[in-house]
Engineer: 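Below is the structure I would like to discuss, written out as structure tokens.
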Amino acid sequence: MIGDFASPVHSQRRSPVLAPNAVVATSQPLAASAGLEMIRRGGNAVDAAVAAAICLTVVEPCSNGIGSDLVAQVWDEGRVYGLNGTGRSPAAAPPGGVDRNVGWHSVDVPGAPRGWADLHGRFGVLPFEELFVPAVGYAQDGFPLSPLVWQGFSEAATRYRRVLADHYEGWASVFAPDGVPAPGATWRSSRHAETLQAIAENNTESFYDGDLADTIARSARAAGVMLSRDDLARHRSEWVEPLSVHFRGHEVWEMPPNTQGIAVLIALRLLEELEVDDDPSGED
């Protein structure tokens with residue numbers, strides 16, 4: 001499984017796309033279709049998962065963004081592999097962290113792009129650039145906003161206008177140059193497409209040690225925050241050993257800290273000890 005973590009402003013039911021030899025599930029049907037397209041092209045489950053994650057940065061504006069983090073578990077030849085693609089705090093951040101959870105001051109090093117590359121580099125079979133094709137297409141040519149995606153997008157834009165203050169125009173120039181479209185209207189962002197294309201062309205290096213990194217660091221300095229060019233260049237994903245517990249005849253795997261997966265395993269062990277029924281209410 002693969003997860004991109006940002007600060008979601010909305011949620012919706014997962015949208016599985018079923019095929020004779022594959023199932024791809026995401027929170028947005030177009031992203032699930034992007035994953036299935038990789039299977040059609042001869043890719044494997046990791047190719048599909050990474051393509052879907054990249055596509056979510058476009059088809060769920062303000063949710064699963066390029067600036068988010070990534071964690072993944074992959075079952076391959078009888079073993080579970082874990083990839084921790086979460087970014088670290090800026091080196092100049094105070095030991096106690098910052099006192100804001102929105103805006104530039106809350107930004108850590110984004111881990112998702114390098115996570116895409118590292119996950120694909122170990123397990124993927126298609127060319128890395130190919131995984132970006134659906135996302136770049138939707139960003140460049142546009143797609144219609146569903147009512148639920150529009151609602152989250154609209155709420156985020158309203159919130160960002162308030163909390164980002166002077167920096168809102170920079171966000172709006174990429175995500176809402178003409179304001180937030182109405183439900184059903186087409187949303188597109190050529191600048192978002194250009195950014196994804198730049199990430200794809202050099203295996204994400206531009207994002208961490210190239211032109212995109214320079215742009216990010218320059219914007220951070222202008223905003224008076226601590227994220228630096230060196231912070232981006234030092235970022236690395238980490239391959240880790242997932243943790244597991246036995247629960248009612250199953251082996252349940254979760255990622256170790258710094259993720260919250262261990263809380264799930266603790267809860268399952270407590271349920272096992274308490275011998276809680278499948279339906280504690282006793283109802284059929």
Side-chain angles (χ1 to χ4, degrees), residues 4-10 53-54 56-58 60-71 84-117 139 152-180 187 189-199 202 204-238 257-260:
D4 270 314
F5 293 98
S7 297
V9 294
H10 70 282
I54 295 168
L56 282 171
T57 73
V58 177
E60 285 192 344
C62 308
S63 185
N64 296 282
I66 297 173
S68 59
D69 288 323
L70 176 151
V71 295
N84 186 331
T86 60
R88 293 157 179 79
S89 298
V98 297
D99 59 357
R100 308 183 199 183
N101 60 6
V102 293
W104 257 113
H105 289 273
S106 65
V107 174
D108 293 335
V109 177
R114 179 148 284 161
W116 299 335
F153 191 11
S154 178
E155 290 173 356
T158 300
R159 184 186 185 205
Y160 293 165
R161 188 188 301 274
R162 183 179 71 254
V163 301
L164 296 181
D166 295 341
H167 307 296
Y168 173 80
E169 293 305 321
W171 175 88
S173 68
V174 175
F175 288 96
D178 300 315
V180 178
W187 180 88
S189 173
S190 60
R191 292 180 62 188
H192 195 95
E194 291 167 3
T195 299
L196 287 175
Q197 192 62 54
I199 292 172
N202 56 22
T204 75
E205 285 307 310
S206 177
F207 191 90
Y208 294 99
D209 201 18
D211 291 344
L212 289 178
D214 291 337
T215 300
I216 294 169
R218 187 166 54 249
S219 298
R221 283 196 304 273
V225 297
M226 295 169 286
L227 184 68
S228 72
R229 181 69 159 69
D230 287 342
D231 291 324
L232 292 163
R234 283 194 295 263
H235 173 73
R236 298 292 183 275
S237 304
E238 183 181 4
N258 59 336
T259 80
Q260 300 177 16

Engineer: Of the non-hydrogen atoms in Pro61 and Phe175, which two are nearest, and what is the gap between them?
Structural biologist: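 Looking at all heavy atoms of both residues, the closest pair is CB-CD2, 4.4 Å.
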Engineer: Quick check: do Val225 and Val107 have side-chain heavy atoms less than 4.5 Å from each other?
Structural biologist: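 Heavy-atom side-chain distance check fails, nothing below 4.5 Å.
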Engineer: Counting only heavy atoms not in Arg161, do more than 12 fall under 6.0 Å of its CZ?
Structural biologist: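 Counting other residues, nucleotides and ligands, CZ of Arg161 stays at 12 neighbours or fewer.
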Engineer: With the threshold set at 4.0 Å, does a side-chain nitrogen-carboxylate oxygen contact exist between Arg114 and Glu205?
Structural biologist: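 Yes, this pair counts.
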Engineer: Would you indicate whether the side-chain heavy atoms of Met226 and Asp231 approach each other to under 4.5 Å?
Structural biologist: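 Counting from C-beta outward, Asp231 and Met226 never come under 4.5 Å.
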Engineer: Is there a donor-acceptor pair under 3.5 Å between the side chain of Trp187 and the backbone N or O of Val180?
Structural biologist: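 Not a single qualifying donor-acceptor pair exists.
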Engineer: So, taking the atom named NE2 in His192 and the one named CG in Leu196, what distance separates them when rounded to the nearest 0.5 Å?
Structural biologist: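 Interatomic distance, His192 NE2 to Leu196 CG, rounded to 0.5 Å: 4.5 Å.
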Engineer: If you apply the rule salt bridge (charged side-chain N to carboxylate O under 4.0 Å, His left out), what do you find for Arg88 with Asp108, and how did you get there?
Structural biologist: CA-CA 6 Å; Arg88 293 157 179 79; Asp108 293 335; over 6 Å; no
Engineer: What's the separation between atom CZ in Arg221 and atom CD1 in Ile216, rounded to the nearest 0.5 Å?
Structural biologist: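 So the gap between those two atoms works out to 12.0 Å.
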Engineer: Using a 3.5 Å distance criterion without hydrogens, assess whether the side chain of Asp211 forms a donor-acceptor pair with backbone atoms of Ser206.
Structural biologist: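 Answer holds: no.
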Engineer: Would you please say whether a donor-acceptor pair under 3.5 Å links the side chains of Thr86 and Asn84?
Structural biologist: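 There is such a pair (donor and acceptor under 3.5 Å, judged by atom type) between the side chains of Thr86 and Asn84.
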Engineer: Identify the two heavy atoms, one from His235 and one from Gly87, that lie closest to each other, and give their separation to 0.1 Å.
Structural biologist: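 Closest pair (atom of His235, atom of Gly87, distance): CE1-CA, 3.9 Å.
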Engineer: Measure from the side-chain N and O atoms of Thr57 to the backbone N and O of Ala53, and report whether any donor-acceptor pair falls under 3.5 Å.
Structural biologist: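 Checking the backbone N and O of Ala53 against the side chain of Thr57, no donor-acceptor pair under 3.5 Å is found.
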Engineer: Any idea which heavy atoms bring Pro177 and Ser173 closest together, and the distance?
Structural biologist: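 Looking at all heavy atoms of both residues, the shortest contact is CB-O, 3.9 Å.
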Engineer: Ignoring hydrogens, what is the shortest heavy-atom contact between Gly65 and Ser68? Give both atom names and the distance.
Structural biologist: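 Nearest heavy atoms, Gly65 then Ser68: O-OG, 2.6 Å.
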Engineer: Closest approach of Arg229 and Gly210, non-hydrogen atoms and distance?
Structural biologist: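 Here Arg229 and Gly210 meet closest at NH2-N, 3.6 Å.
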Engineer: Looking at Tyr168 and Ala157, what are the two nearest heavy atoms and their distance?
Structural biologist: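 Looking at all heavy atoms of both residues, the closest pair is CE1-O, 3.6 Å.
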Engineer: Could you check whether any side-chain heavy atom of Ile199 comes within less than 4.5 Å of a side-chain heavy atom of Ile54, counting everything from C-beta outward?
Structural biologist: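 Result no, sub-4.5 Å side-chain heavy-atom pair not found.
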Engineer: Any non-hydrogen side-chain atom of Leu232 less than 4.5 Å from a side-chain atom of Asp209?
Structural biologist: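 No, too far: nothing below the 4.5 Å cut-off.
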Engineer: Drop me the distance from Thr204's OG1 to Ile66's CD1, to the nearest 0.5 angstrom.
Structural biologist: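 If we round to the nearest 0.5 Å, Thr204:OG1 and Ile66:CD1 are 12.0 Å apart.
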